[in-house]
Amino acid sequence: MKFRVERDEFTDAVAWTARTLPSRATTQLQVLAGLLLDATGPTLKVAAFDYEVAAQAEVDATISEEGRALVTGKMLADITRALPAAPVDLSIDGSRLNVVCGNARFALPLLPVDDYPSLPPMPPVTGHIEGAAFGAAVSQVAVAAGRDDTLPVLTGVRIEIEGDTLTLAATDRYRLAVRTLKWRPASPDASGVALVPARTLLDTAKSLSGAGVEVAIALGSGPSGETLAGFAGGTRQTTTRLLEGTFPPYRKLLPESSPLVAQLEIAPLTEAVKRVALVAARTAPVKLSFSPENLVLEAGSGGEAQASETLPISYDGPELTVAFNPSYLLDALGALESDVVQMGFASADDPALAASKPAILTGKGGDDGDEIPDYRYLLMPIRLNG
């Protein structure tokens, strides 16, 4: 194997695929710590695979001799980041891969390429979506996914396909984020459901969110019958195994309407929550007291440090006090694509009931108040003592 590539393109491809490498590889699976360099086609393919996620990037290359090589991925990524600004020549010399760039030369030991597992192919494409829109939607939803690996179902993002509508949902039991958006299905009656690991989906969507990139989404099965999701855009492609289990019936949690609505500007509310939360313990809530004149934010109690701040508000309802986890509230404010947040509560007649039910956070509504927002963030309140 012998080829030449441009330094920046090669570095980007190596860095992107190296993110899929397992943090620790056992002795039996040492080959999974390697990056596969496949120069058997018109382009160079750089790939990584840990039996759960496969990432592959293509790079334009001048290939003199075709072949495949497997080298330690972390070392190659560190080296390519440090290379001088010059074309990179790579070739196999016995049991080593020679890397030459300008006056810099490296000889890397090869891993047994024949022991490397075959990458799962992309399932048939289910549809396409604009990369920037997909990346933004995934970011809005993945923030609510759980991080407890003992509850794997809650660490995923549920993808629902129904015709030209794509719905993303995630929950960790304390909050729920749902985003709907339009896409172009491969067939008008396309439908399907997939539960994709949130961290993998978020990382993949970010990498495919460049300007002008169209993302192909594919749901199907792998060669061994395992359920897979694939995402491809530009020169990059990722496939991942789906999570198993039953996702919570989240639609039952979303109210048909919110009779009690408060409206605030996001920027000052975000800064106020951050300031007030400085005196709160890690798991302590921030209390929000709504009245027709203003919103009062408070944290701390008793002999502890205390803080409060008052903000103007658009609100026409009874006085209402509710408490939220400040981190979860800030996640919601950061995910909204709006300069205004609307906080909807379940009851306009019973403040105590409204304070005990989940709040629905959305962006500024359109002219049609009955229209369901594209993005909804449901946030469970924290019960206050007394």
Side-chain angles (χ1 to χ4, degrees), residues 13 16-17 19-20 36 38 40-59 68 116-138 141-142 145 152-153 155-170 179-210 212-247:
W16 181 73
T17 51
R19 292 182 297 184
T20 304
L36 179 66
D38 186 342
T40 59
T43 61
L44 170 69
K45 294 182 177 68
V46 184
F49 184 35
D50 65 357
Y51 284 111
E52 297 292 332
V53 180
Q56 180 175 282
E58 292 190 15
V59 183
R68 299 163 75 238
Y116 199 73
S118 299
L119 273 66
M122 275 275 288
V125 173
T126 311
H128 296 84
I129 189 170
E130 196 266 324
F134 183 60
V138 171
V141 172
V153 169
T155 65
V157 172
R158 179 178 169 93
I159 298 178
E160 299 177 0
I161 295 169
E162 194 62 45
D164 64 351
T165 300
L166 187 71
T167 302
L168 308 174
R179 174 67 196 274
T180 59
L181 64 166
K182 296 297 182 181
W183 79 319
R184 294 189 296 104
S187 62
D189 58 349
S191 64
V193 174
L195 187 58
V196 183
R199 281 174 288 191
T200 300
L201 182 62
L202 182 60
D203 184 62
T204 299
K206 284 182 177 179
S207 71
L208 300 178
S209 61
V213 175
E214 184 176 70
V215 177
I217 300 177
L219 305 181
S221 300
S224 301
E226 69 275 25
T227 53
L228 295 176
F231 307 91
T235 59
R236 296 176 176 178
Q237 172 183 305
T238 297
T239 58
T240 178
R241 285 177 179 263
L242 301 183
L243 295 170
E244 297 181 354
T246 302
F247 194 75

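Values below: every heavy atom of this structure, side chains too, minus hydrogens, waters and symmetry copies.
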Could you check if a side-chain atom of P197 sits within less than 4.5 angstrom of a side-chain atom of E52, using non-hydrogen atoms only? no

Any chance CD of E226 has more than 12 other-residue heavy atoms, nucleotides or ligands included, within less than 6.0 Å? yes

Heavy atoms of A57 and W16 approach each other most closely as CB-CE3, 3.9 Å

Using 0.5 Å steps for rounding, measure from the CZ atom of F134 to the CG atom of L166. 7.0 Å

Answer whether the closest heavy-atom distance between the side chains of D38 and L44 falls below 4.5 Å. no

dist R19:CZ -> T200:OG1 (nearest 0.5 Å) comes out at 11.0 Å

Taking every heavy atom of A145 against every heavy atom of A198, the minimum-distance pair comes out as CB-CB, 3.6 Å

Short question: side chain of T204, backbone of L201 - any donor-acceptor pair under 3.5 Å? no

So, do L168 and I159 sit near enough that their side-chain heavy atoms are less than 4.5 Å apart? yes

Inspect the surroundings of CZ in R199 and state if more than 12 heavy atoms from other residues, nucleotides or ligands are less than 6.0 Å away. no

Specify the closest pair of heavy atoms between P120 and L228, including all atoms of both residues, with the distance to one decimal. CB-CD1, 4.0 Å

Validation row: T238, V53 side chains within 4.5 angstrom (heavy atoms): yes

Nearest 0.5 Å, please: how far is CZ in R236 from CD in Q56? 12.5 Å

So V138 and V157, side-chain contact (heavy atoms from CB on, under 4.5 Å) or not? Walk me through it. CA-CA 8 Å; V138 171; V157 172; 5.6 Å; no

Working to the nearest 0.5 angstrom, can you tell me the gap between D50 CG and R241 CZ? 10.0 Å

Heavy atoms only: give me the nearest A229-L219 pair and the separation to one decimal. CB-CD2, 3.8 Å

State which residues pass salt bridge (Lys or Arg N to Asp or Glu O under 4.0 Å) with R68; sequence neighbours excluded, sorted by chain then number. none

How long is the gap from CG on L208 to CD on Q237, to the nearest 0.5 Å? 10.0 Å

List the steps, then state whether side-chain contact (heavy atoms from CB on, under 4.5 Å) holds for V153 with L243. CA-CA 6 Å; V153 169; L243 295 170; 5.9 Å; no

Which pair of non-hydrogen atoms, one from Y51 and one from P117, has the smallest distance, and what is that distance? OH-CB, 3.5 Å

Mind checking the CG-NZ spacing from D164 to K182? Nearest 0.5 Å is all I need. 4.0 Å

Mind checking whether I161 and W183 have side chains closer than 4.5 Å, heavy atoms only? yes

Closest non-hydrogen atom pair, T239 against P121: CG2-O, 4.3 Å

